[in-house]
Amino acid sequence: MKFVLMRAWNRAKLLWGYLRHKSSLNALPVEYIVETTAKCNLYCPMCPRETHKQPKADMTEEIFSRLVRESGGSAEHMMLIGLGEPLMDRKIFDRIEYCERHNISTLLSTNGTFFDEKTCARLLDTPLEHITLSFDGATKESYEYYRKGANFEKVRDNFIRFARMKKERNAKVQVVVQMVRMQRNAGEVDDFIRFWSAIPGIDQVRIKEDETNLLQPEAGHTPQDWKHPCHYLWRGPMYVKHNGDVYPCCQSYMLDGQPLGNVAAQPLAEIWNSVEMQRMRMLHVARRANEIDICSRCCTTIPHPLLVAGSLLLHGKTVRRALPWIERLVYGSRLPRALLTPPKKSAEEAELVQIELSEPRP
């Protein structure tokens, strides 16, 4: 109950700061993206690590534990992902457990190449809340083009086995199979949805637009798109690199932004209210976000203030589960398109698709 009240109060202060357009906040982010490892075993042309060379290094226990301890009274959700494959982090299971001991829910996203039966069983024994199974294609040709170094049949079978084991164990983890829609796999959406929707244990099939700029450098937001301040600057998630460097969002590092500080050297509250962070908030409030280089080239969808306010009224875990429903309703024209502003693209805009299965949840 103590943590529930502390986090509710933290969200209330963030909401007040957002609604009042405050540049300095007396509260900490609700969510974090934490890169526990910079190591990866695949080459993916749409991944920023192909333009930003990464070391073969993991986040130290000291940095991770300090981040969790400092954010423990306010953080509700940590995505243990980044520019590495989480299962290459030998301590990933311990990190999930450590977050649980601090009442923080966790999310993973994996390429599935290490999903043998033993690893699947061990992962299902953890308190992990959500996992995204990344599988970019319905055919061997497109999948192996985008996931160089992976084998289509092997990874597909790994994911099917994990879903089966999840269902047999009646595990609570939310399992999402996701394809990032790009030029070579765009015609495979229906086949992808049809196949994975039939697999027991899969809770959701998601078709997501590419947000990395690498394969669509012309994409981004126009100055007119920035009618509302970006939620990342008030709510999070903040992006923490494996070395402790902190960025205002995951896009900022990939767009060559500079870190706001480092968890190992500065208090989290000091980083969250740094001079640069306050400058960015002021420019967003003034509708001048396009003057910030990283924001002018950002490919992330901008949510309406109503959605941002709603995301601060609810627990971060609840928001994470509700987000796909909101996206699905908006892009399916059941809610006003003004609620989400996607980046402009030179080609005909493709819509993000969310398929929620009717299968009862465990």
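Computation of the quantities below employed the complete heavy-atom set of this structure, encompassing side-chain atoms and omitting hydrogens, waters and symmetry-equivalent molecules. All values reported here derive from a predicted model rather than from experimental measurement.
With R169 contributing its side chain and L124 its backbone, the two residues share no donor-acceptor pair below 3.5 Å. The closest donor-acceptor contact from the side chain of T318 to the backbone of L314 lies at 3.5 Å or more, if one exists at all.
With rounding to the nearest 0.5 angstrom, the NZ atom of K91 is 8.5 Å from the CG atom of D94. Here the straight-line distance linking atom CZ of F64 with atom CG of D89 works out to 8.5 Å at 0.5 Å rounding.
Relative to the ring axis of W272, R281 places its NZ or CZ within 45° and under 6.0 Å from the centre. Annotation: cation-pi geometry not satisfied between R184 and Y146 (NZ/CZ under 6.0 angstrom from ring centroid, within 45° of ring axis). Remark: K148 is positioned above the aromatic ring of Y145, its terminal NZ or CZ atom under 6.0 angstrom from the ring centre and at most 45 degrees off the axis.
Classification of D125 and R122 as a salt-bridged pair fails, no side-chain N sitting under 4.0 Å from a carboxylate O. Using a 4.0 Å cut-off between charged nitrogen and carboxylate oxygen, K241 and E35 count as a salt-bridge pair. Looking at R297 and D293, a side-chain N of the basic residue comes within less than 4.0 Å of a carboxylate O on the acidic one, giving a salt bridge.
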Step by step, work out the side chain to side chain contact (heavy atoms under 4.5 Å, CB included) result for E144 and F152. CA-CA 6 Å; E144 292 186 1; F152 176 80; 3.6 Å; yes
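Within a 6.0 Å radius of CD in E50, more than 12 heavy atoms belonging to other residues, nucleotides or ligands are found. In E168, the CD atom is crowded: over 12 heavy atoms of neighbouring residues, nucleotides or ligands sit closer than 6.0 Å.
The ring of Y253 has its center closer than 6.0 angstrom to the ring center of H52.
Each of I131, L107, D203 was scored for a side chain to side chain contact (heavy atoms under 4.5 Å, CB included) with Q174, with one residue passing: D203.
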